[in-house]
Structure formats: C-alpha cells, structure tokens
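All values below come from the heavy atoms of this structure, side chains included, with hydrogens, waters and symmetry mates left out. Chain naming here is simple, since letters A, B, ... match the order of the sequence lines and numbering starts at 1 in each.
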Protein chains: 2
Amino acid sequence: MGCRRRRLYRLVRTGRDLFPRRSAAGGQNGRYVRAVDTRERLVEAMQDLLWERGYVGTSPRAVQERAGAGQGSMYHHFRGKADLAAAALERTARDLGGRTEEVLTGAGSPLERLTLNLTRERDVLRGCRVGRMTQDPEVVADDKLRAPVDEAFRWVRRMYADVLAEAVAAGELPDTIDPQQVAATLVAVVQGGYVLARASGNPADFALAVDGALSLLRGLAA
Amino acid sequence: MGCRRRRLYRLVRTGRDLFPRRSAAGGQNGRYVRAVDTRERLVEAMQDLLWERGYVGTSPRAVQERAGAGQGSMYHHFRGKADLAAAALERTARDLGGRTEEVLTGAGSPLERLTLNLTRERDVLRGCRVGRMTQDPEVVADDKLRAPVDEAFRWVRRMYADVLAEAVAAGELPDTIDPQQVAATLVAVVQGGYVLARASGNPADFALAVDGALSLLRGLAA
DNA sequence: GTCTATATACGGATAGAC
DNA sequence: GTCTATCCGTATATAGAC
C-alpha cells in the first residue's frame, strides 16, 4: 500500500504513465514523434536539466523523475551521473553546432548570414545550453564533460571565422580585420549577452549587446 | 576521542587553527591584515566558494570549514545559507564595481582608459565572480541574491557608456555610435571572453575576443 | 530492462550546553 | 558567540528480485 501511494506520487510529478506502452509512439518511417526508448528519455531529461540547473545542480533522481524512469533503468544504461551527462552534453553540443552551421552556410551574403545568426530567435533568459556548462566546476574539471563544450565552441568559432573571411573576400568588410579574432569577439558577445540579460532579467539587453557589435561591424563596412 | 579525531580532520582540511588567537592579526591603523572576526571570515569564505562553485554547488558545511567556524557561528551571524550568500554577493559586487570605476575614471584619454580596463590583468580561467552568478538557477530565482548582480552590471555598463560618450566628445570616436549599446557590447565581450577561455582551458581566448572588440573600435576611430 | 530495497554520506537547519 | 548533538531529507550508488 505504501507502494501504491508512491506510484501515484510519481505519476503526478512526472506527468507520465509509469508503465508506458512501447507501441504508443515511435520513430518509424524516419519521422520523429517522441522519445519512446527509456535510454533516450533519460538523455533528453538530462539535457533539459543541465540547461536549467547545470551539472552540480542536477541529481540523478531528478533526471529519473523527469524521464519517467526508475533507478534501475538509469544505472542499467549508464554507469552513473557523469556518464549520462557526457552523453547528454555530446548531443546538445552537436545539435547546437548543427543549427549554427545551417544558418551560417545558408542563403544570403556573408554579412547577412552573420547578422541572421546573431539576431535569430533565442530563448535568451534561459541562457546558452553549451556556454552555461563552462561555469560548472565539475564540468570544467572533467575532461569527458568539458570536451564536447570545447569542441562546440571551436566549431562555431571556426564557422564564424570562415564567413568573416568570405565577407572580406566579397568586399563587405575591409581586409584589416582578423577573422579569427573578430569571430571570437562575436561569439563572446552572444555568450556575454546571455549574461547581461539574465542579470537584468531583460532579454532586450542581449539584443543591445548584439546590435552594438553589428553596428561596429557595419561602421567598418561603410 | 571521536571528537579529537574530528578536530584534527578539520584542521587538515581547512589549513587553519580551530581556535585562532584573536590577537594574531587585526585591521588597526587602517591597514588590512587578515580577517579576524568570525563573521568576516564566513563572508570571505562564501565569496570564494561562490566564485569557485556557485550557489547551488556550495554547502554551508563547506563554508564553515573554509572559514574555520562551526555550525553555531554561522547560524548565529546569519539566518542561513541564502542570507550569508546575499552578504557575500553584495560585498563582491561592490568590490568589483569599485575596481572598474578606479580604472575608468583614472588617468588617460577615454579610449585609453577603456583599453586599460579591458586588457587589465584578470584571473581569466577562474571566471567572473559576478557574471558567474547569472548561471545559477537559485540566484536568478531569488531577488535578494540577483539584486547585487543586477546592480553591478548596471553600474559597470553606465561607466562604460559615460567613457564612450567622453570619447565621442573628445573626437576619439565618431558620433555615430550609441554609447549605451556599445557599452553593453564591450561588457558582453568580457563576460563571453571568460566563457570561451573556460571552454578551451586557454586564457588566450579571452584576450582574442577582447582584442577583436578593440580592433573594431579602433577601426572606427581611423 | 525495469523495479524496489537498502546503504552511506551530505545538505541544510535546530537545540541547547558552555 | 561558539561548540556539539541531533534531525529529516536528499544524493549517489549497489543489490537483487522479477
């Protein structure tokens, strides 16, 4: 009976059935519907919690509750918290790099693509899923956890630098700029923009910082 | 005897004598020597730990150990973890604002002062004591904790904007720039620079981002 | 593969002696 | 003002049934 009460409690907290039918959803036909697999749900839950609360602020239990999975499942699929977090971080880093690449290699002139990526819709007050991790002492201290973060930033900075070099080649920017340097600056402005916005609680501060950077770039172009 | 063992343990972990002599150090003659007062040591220990581990990552016990104080002392001087953290954050925010003001209102032309503050010696890999807090969910959620962070950034941005306006008045920068906007950009570059450096483990990435921003500014001046 | 039970330590705080 | 003892809950993991 204590058992019954506990099950009900978990049902309420997670909003999921404790015993989901496997056939309810699926990834068949290449169409992604929803996470069905327990392992998959665990990874996604960890991704969310890392974003919201960071690594030190996230407990295995919280992950399990959000995933609608029990202790046993988590420790069956992963060696522990760090292992699951590593899987989640790799996923997050890859997703973010992919989205940036999509915009930066899309249509438009180099400067247009940069502007598009800098001003694209963002969940500003929730911060950057990847950049956030650099503030976590246990992530930075563990190479397995820091590696995906490091690679994501290298990848994004590389893409920015390439587009900036294109802009110079196209005559949109003077050849006095150092693409690698300005790429670091632009990526930093985005990361710092999140910081300013979260400090004030106002997303407009993100936009202000980014617009300032763009005005400096355009000042050079003129 | 269990008692004796516990004391020895604490001695080793904190590197402080459990019963420091009060007369060993002092703040007399206006010369600051070292924290003597237990309350003061608690605040300083919390400042350090907030910097290293953030709010969610810092336990009252850890603070007490670092301060060489017991449970009773902490709960005598403060209502709890949040109360002590608020005191520590106010102190940190004030210190940092003061240091920035010192440089930005010091000697040199406006642009020189900006450059000086952006390139001054920093403990880059340890990150920003204030900006770091914006990544902590419990700090952002608690107005008492977020307020000092918010105010510090307002204050610093205001000072940057003033100096930028001075630079325009002095003819060092064109009047096409928006001082408030560019101030947000420069503060963001610093905050983002910390993120890049911590991601790669390389302080040079901070310098790269800052130098890029300065090169954009100087491009306008020319 | 998933569940429940159990284990040891820590988190955050209170009580009350000295 | 400072200390120790104690409290209840959570963090992280293991054991072993089903």
- Task: Check the distance between D:dT10's C1' and A:L49's CG and give it to me in whole angstrom.
- Result: 15 Å
- Message: Without decimals, in angstroms, what is the distance between A:Y75 OH and C:dT4 P?
- Response: 16 Å
- Using only side-chain N and O atoms of A:T38, determine if any of them is under 4.0 Å from OP1 or OP2 of C:dT2. yes
- Message: Under the salt bridge (Lys or Arg N to Asp or Glu O under 4.0 Å) test against B:E52, which residue among B:R132, B:R129, B:R66 passes?
- Response: B:R66
- Message: Expressed as a whole number of angstroms, how long is the span from B:Q64:CD to C:dA13:P?
- Response: 10 Å
- Item | Nearest to side-chain heavy atoms of A:K81, which nucleotide of C:dT2, D:dT4, D:dT12 | D:dT12
- Is a salt bridge present between B:D150 and B:R154, judged by a nitrogen-to-oxygen distance below 4.0 Å? yes
- Query: With B:F206, which residues qualify under ring pair (Phe, Tyr, Trp, His ring centres under 6.0 Å), at least two apart?
  - Reply: B:Y194
- Once you round it to whole Å, what is the distance between C1' of D:dT2 and CZ of B:R39? 16 Å
- Query: Just checking, A:K81 and A:Y75: is the charged tip under 6.0 Å from the six-membered ring centre and within 45° of the axis?
  - Reply: no
- Item | Gap between atoms CZ and C1', on A:F78 and C:dT2 respectively (whole Å) | 15 Å
- Note on the structure: Assert: residue with more 5' nearest nucleotide on DNA chain D, out of A:A62 and A:R79, is A:A62
- Task: Measure from the side-chain heavy atoms of B:R61 and tell me the nearest of D:dT12, C:dC10, D:dA5.
- Result: C:dC10
- Message: Without decimals, in angstroms, what is the distance between B:M74 CE and C:dG11 P?
- Response: 12 Å
- Name the nucleic acid region contacted by A:G80, choosing base, sugar-phosphate or nothing; use a 4.0 angstrom heavy-atom cut-off, strictly under. sugar-phosphate
- Query: When you measure from the side chain of B:S73, which nucleotide among C:dA13, D:dC3, D:dT14 comes out closest?
  - Reply: D:dC3
- Query: Could you state the CD-P distance from A:E138 to D:dA11, rounded to the nearest angstrom?
  - Reply: 14 Å
- Note on the structure: Between CD of B:Q71 and C1' of D:dC3 the distance, given in whole Å, is 10 Å
- For the side chain of B:H77, counting heavy atoms from C-beta on, which of C:dG12, D:dT14, D:dT2 is nearest? D:dT2
- Message: Of the options C:dG11, D:dG1, D:dT12, whose atoms approach the side-chain atoms of A:S59 most closely?
- Response: D:dT12
- Can a salt bridge be assigned to the pair A:D95 and A:R99 using a cut-off of 4.0 Å between side-chain N and carboxylate O? no
- Side-chain contact check for B:H76: nearest option of C:dT14, D:dG1, C:dC10 is D:dG1
